[in-house]
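In this text the structure is predicted, and so the values were computed from the model without any measurement. Remember, it's 1-based here, ligands and their atoms both numbered in the order they're listed. Counting from 1, the numbers follow the sequence of the chain as shown.
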Amino acid sequence: MENFLLSFPLIAKLATNDYVGFTFFVGCMAMMAAAAFFFLSMNSFDKKWRTSILVSGLITFIAAVHYWYMRDYWADFGESPTFFRYVDWILTVPLMCVEFFLILKVAGAKRSLMWRLILLSVIMLVTGYLGEAVYRDAAWIWGLISGIAYFIIVYEIWFGTAKKLAVKAGGAVLQAHKMLCWFVLVGWAIYPLGYMAGTPGWYEGLFGGLSMDVVYNIGDAINKIGFGLVVYNLAVVATEEKA
Ligand SMILES: *C/C=C(C)/C=C/C=C(C)/C=C/C1=C(C)CCCC1(C)C
């Protein structure tokens with residue numbers, strides 16, 4: 001009996017040198033903790049900010065669930081859980097676009113701004129998926145198209161309508177917007193590096209030593225939790241100012 005159970009273990013063994021598996025494991029825990037933190041703190045804020053904090057919670061919660069699956073997938077098959085990865089992103093990245101809209105609503109942000117950002121993020125991710133999973137031989141072309149969509153997002157929030165609204169709102173909202181802009185410019189730039197490390201192309205070898213999944217996992221932890229904390233901080237400051 002004992003031997004029988006041992007041949008069908010319920011949990012996969014994590015080798016001590018499995019850095020990828022380790023980052024999936026820790027990433028999962030970090031996302032769970034962050035989600036609990038955002039959900040539980042939600043009601044201590046002024047009504048106006050609750051939806052923003054709720055969305056921070058949803059982003060990390062959705063990621064936690066996907067990390068649970070990705071951790072398993074990696075442990076069982078030892079390969080990148082590309083499908084789960086992109087399902088996670090296609091849900092969470094648009095929600096990050098919603099965050100921009102929500103904090104800029106005080107300055108009169110329109111839904112069209114939100115939909116524009118969401119559409120760009122979907123283009124960025126779908127083309128990335130095509131390059132990474134479907135047309136790997138042409139990965140650099142799909143990566144380039146994805147990168148263009150990414151740059152338009154960066155332009156929009158740094159210099160476009162979103163920026164103008166942030167300036168109009170001023171104060172804590174402008175500060176938070178600036179921080180989120182930095183996350184998108186620097187934090188999100190981590191992903192194309194992972195992509196180049198994990199797909200074939202002229203850039204091969206440039207990032208050869210890096211593991212795509214480790215890069216993506218670090219990017220996710222920084223961006224999803226960091227983004228949420230910026231919004232959390234805004235809610236704290238704005239609620240205090242009012243009190
Ligand atoms: C929580 C997940 C986040 C914030 C994921 C963001 C993903 C990106 C910014 C991905 C960008 C890519 C490019 C700009 C080019 C190569 C393909 C991608 C999809 C990795």
Distance col, row Asp213:CG vs Asp220:CG, nearest 0.5 angstrom, shows 10.0 Å
CD1 of Ile190 to CG of Asn217, rounded to nearest 0.5 Å, is 11.5 Å
Counting heavy atoms under 4.0 Å, the part of Phe151 that contacts ligand 1 is neither
Checking heavy atoms under 4.0 Å, the part of Met96 that sits near ligand 1 is side chain
Residues 158-183 vs side-chain hydrogen bond (donor to acceptor under 3.5 Å, both in side chains), sequence neighbours excluded, gives Arg116-Thr161, Glu156-Thr161
Which atoms of ligand 1 are found less than 4.0 Å from any heavy atom of [X]?
{"X": "Lys224", "answer": "1 (C), 2 (C), 3 (C)"}
{"X": "Thr92", "answer": "1 (C)"}
{"X": "Ser146", "answer": "12 (C), 13 (C), 14 (C), 15 (C), 16 (C), 17 (C), 18 (C), 19 (C)"}
{"X": "Trp188", "answer": "4 (C), 9 (C)"}
{"X": "Tyr86", "answer": "19 (C)"}
{"X": "Val93", "answer": "2 (C), 3 (C), 4 (C), 5 (C), 6 (C)"}
{"X": "Gly143", "answer": "15 (C)"}
{"X": "Asp220", "answer": "1 (C), 2 (C)"}

Across all chains, not counting sequence neighbours, the side chain to side chain donor-acceptor pair (under 3.5 Å) partners of Tyr73 are Glu79
Heavy atoms of Asp88 and Lys224 approach each other most closely as OD1-CE, 3.8 Å
For [atom], which protein heavy atom lies nearest, and how many Å away is it?
{"atom": "atom 9 (C) of ligand 1", "result": "Met124 CE, 3.4 Å"}
{"atom": "atom 16 (C) of ligand 1", "result": "Tyr195 CG, 3.5 Å"}
{"atom": "atom 10 (C) of ligand 1", "result": "Tyr191 CB, 3.5 Å"}
{"atom": "atom 14 (C) of ligand 1", "result": "Pro192 CG, 3.6 Å"}

Could you check whether [Y] and [X] have their ring centres less than 6.0 Å apart?
{"X": "Tyr195", "Y": "Phe207", "answer": "no"}
{"X": "Tyr86", "Y": "Trp89", "answer": "yes"}
{"X": "Trp142", "Y": "Tyr135", "answer": "yes"}

Say whether Met196 and ligand 1 are in contact under the criterion: heavy-atom distance to a ligand atom below 4.0 Å. no
Looking at Trp74, I'd like to know if the NZ or CZ of Arg71 sits under 6.0 Å from its six-membered ring centre while staying within 45 degrees of the ring's axis. no
Report task. Taking atom CZ of Phe45 as the centre, report whether more than 12 heavy atoms of other residues, nucleotides or ligands fall under 6.0 Å from it. Result -> yes
